[in-house]
Amino acid sequence: MVFKDDYKHKGLRKRLVKTIQSKGIKDENVLEAISKVPRHIYFDNALLHHAYEDKAFPIGYEQTISQPYTVARQTELLEVKKGDKVLEIGTGSGYQACVLAEMGVDLYTIESVSGLYERSKKIIYSLGYKVNCYFGDGTIGLTKKAPFDGIIVTAGAPKIPESLKKQLKIGGKLIIPVGQHQTQTMLRVVRETEEKFREEDHGMFVFVPLKGKEGW
């Protein structure tokens, strides 16, 4: 897969970073990653001029590429550091995965839609990111690679999947939007002990539904 990333694209990314900063994103590592990942590679030619707007856009299969602010906010809430082992539920376009990979995490990502899985995997690898891509039901996690320092869910769930909570390390964080189809509350779930979990509310967001055994 061949793509170009020129001065114009880099300039547009700088502007995008300023936009999401103005909306409250403070983590410098997150902002740096957003400034480096070429979001235009995920867009069809017809929508290319929208690539650096702070908006979500359709990518087919009834899915969207998330709004950059949302990607930044979820990543910021995860509080990752280089080398952390992270599981992403819902690879989608691959954009969130690349932002996390840019930050140096050891990333595992699962996608349940075969067409998206194949497409996002090609894009991720064409950009040179070392990401472990899996096809399957993300709502049940990835037991064979658990436990994780962080788990990030990029679709709206009706409830917090128990499988994902159990796959967190002690001190690990799960970032997940939970609610109805129209709107969800962004939750950060912190595993404090084997049995104790703390939940934090981080505002309202809108995601496509999380499909699977422990989703919709």
Side-chain angles (χ1 to χ4, degrees), residues 37 42 56 58-67 70-80 84-103 105-125 129-169 172-181 183-191 197 199 202 205-216:
V37 178
Y42 308 96
I59 54 171
Y61 305 97
E62 299 180 341
Q63 304 296 307
T64 61
I65 179 170
S66 291
Q67 178 184 0
T70 302
V71 170
R73 185 65 180 131
Q74 282 199 288
T75 308
E76 188 173 61
L77 287 170
L78 204 55
E79 296 179 330
V80 293
D84 277 358
K85 189 175 179 183
V86 174
L87 175 63
E88 179 193 30
I89 309 303
T91 315
S93 67
Y95 180 59
Q96 173 74 79
C98 290
V99 168
L100 287 165
E102 182 64 47
M103 294 176 71
V105 306
D106 177 18
L107 184 64
Y108 297 78
T109 184
I110 309 177
E111 176 53 56
S112 63
V113 179
S114 60
L116 274 181
Y117 163 73
E118 294 295 343
R119 187 167 74 195
S120 61
K121 184 169 66 166
K122 280 180 189 171
I123 292 174
I124 290 166
Y125 294 156
Y129 292 116
K130 290 180 175 145
V131 173
N132 305 284
C133 298
Y134 291 83
F135 173 65
D137 181 357
T139 68
I140 58 172
L142 198 61
T143 309
K144 62 185 177 180
K145 297 296 181 181
F148 297 95
D149 296 293
I151 300 176
I152 185 168
V153 181
T154 63
K159 63 184 188 311
I160 303 168
E162 286 298 316
S163 297
L164 299 185
K165 289 169 67 175
K166 289 173 184 172
Q167 290 174 42
L168 284 173
K169 291 180 183 178
K173 301 174 185 72
L174 164 64
I175 310 302
I176 181 169
V178 175
Q180 298 306 307
H181 285 290
T183 58
Q184 302 90 33
T185 301
M186 190 70 72
L187 297 179
R188 176 160 63 184
V189 182
V190 183
R191 186 170 201 174
F197 296 84
E199 291 181 21
H202 289 278
F205 287 81
V206 179
F207 283 82
V208 296
L210 178 68
K211 304 283 181 68
K213 186 178 178 183
E214 292 195 45
W216 289 102

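Numbering of residues begins at 1 and proceeds along the displayed sequence.
Of the inter-residue distances, the one linking T109 atom OG1 with L100 atom CG reads 8.5 Å to the nearest 0.5 angstrom. Note: L164 CG to L174 CG = 6.0 Å, rounded to the nearest 0.5 Å. Atom OG1 of T70 sits about 6.5 Å away from atom CE of M186, to the nearest 0.5 Å. Of the inter-residue distances, the one linking I151 atom CD1 with L168 atom CG reads 4.0 Å to the nearest 0.5 angstrom. Separating the CD1 atom in I140 from the CD1 atom in I89 is a distance of 9.5 Å, to the nearest 0.5 Å. Going from atom OG of S120 over to atom CD of Q96 covers 12.5 Å, rounded to the nearest 0.5 Å.
For Y129, the side-chain hydrogen bond (donor to acceptor under 3.5 Å, both in side chains) partners at least two apart in sequence or on another chain are E102. Residues passing the ring-ring contact (aromatic ring centres under 6.0 Å, His included) test with Y117, sequence neighbours excluded: F135. In this structure, E111 has no side-chain hydrogen bond (donor to acceptor under 3.5 Å, both in side chains) partners at least two apart in sequence or on a different chain. A search for salt bridge (charged side-chain N to carboxylate O under 4.0 Å, His left out) contacts involving R188 returns E79, E200, not counting sequence neighbours. Checked against ring-ring contact (aromatic ring centres under 6.0 Å, His included), Y95 has the following partners two or more places apart in sequence or in another chain: Y42.
A side-chain contact (heavy atoms from CB on, under 4.5 Å) with V80 is found for one member of D106, I152, V105 and no other, namely V105.
Looking only at side-chain heavy atoms (C-beta outward), Q74 and L78 stay at 4.5 Å or farther from each other. Side-chain contact between T139 and S112 is absent, with no heavy atoms from C-beta onward closer than 4.5 Å.
The two atoms that bring V208 and E62 nearest to each other are CG1-O, 3.9 Å, heavy atoms only. Closest approach of G179 and Q184 over heavy atoms only: N-CG, 3.8 Å. Among all heavy-atom pairs drawn from F207 and T154, the shortest one is CD2-O, 3.4 Å. Looking at every heavy atom in both residues, G141 comes nearest to L87 through CA-CD2, 4.0 Å. For the pair H181 and P209, the tightest heavy-atom approach, listed with the atom from each and the gap, is ND1-CG, 3.2 Å. A157 approaches W216 most closely through the heavy-atom pair C-NE1, 4.0 Å.
Side-chain atoms of Q63 never come within 3.5 Å of backbone atoms of S93 as a donor-acceptor pair (strictly under, hydrogens ignored). A donor-acceptor contact shorter than 3.5 Å links the side chain of N132 to the backbone of L107.
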request  = May I have the step-by-step check of side-chain hydrogen bond (donor to acceptor under 3.5 Å, both in side chains) for E214 and S163, ending in yes or no?
outcome  = CA-CA 8 Å; E214 292 195 45; S163 297; 2.3 Å; yes
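Each salt bridge (Lys or Arg N to Asp or Glu O under 4.0 Å) pair with one or both residues in residues 142-163, not counting sequence neighbours, appears once here: D149-K169, E162-K165.
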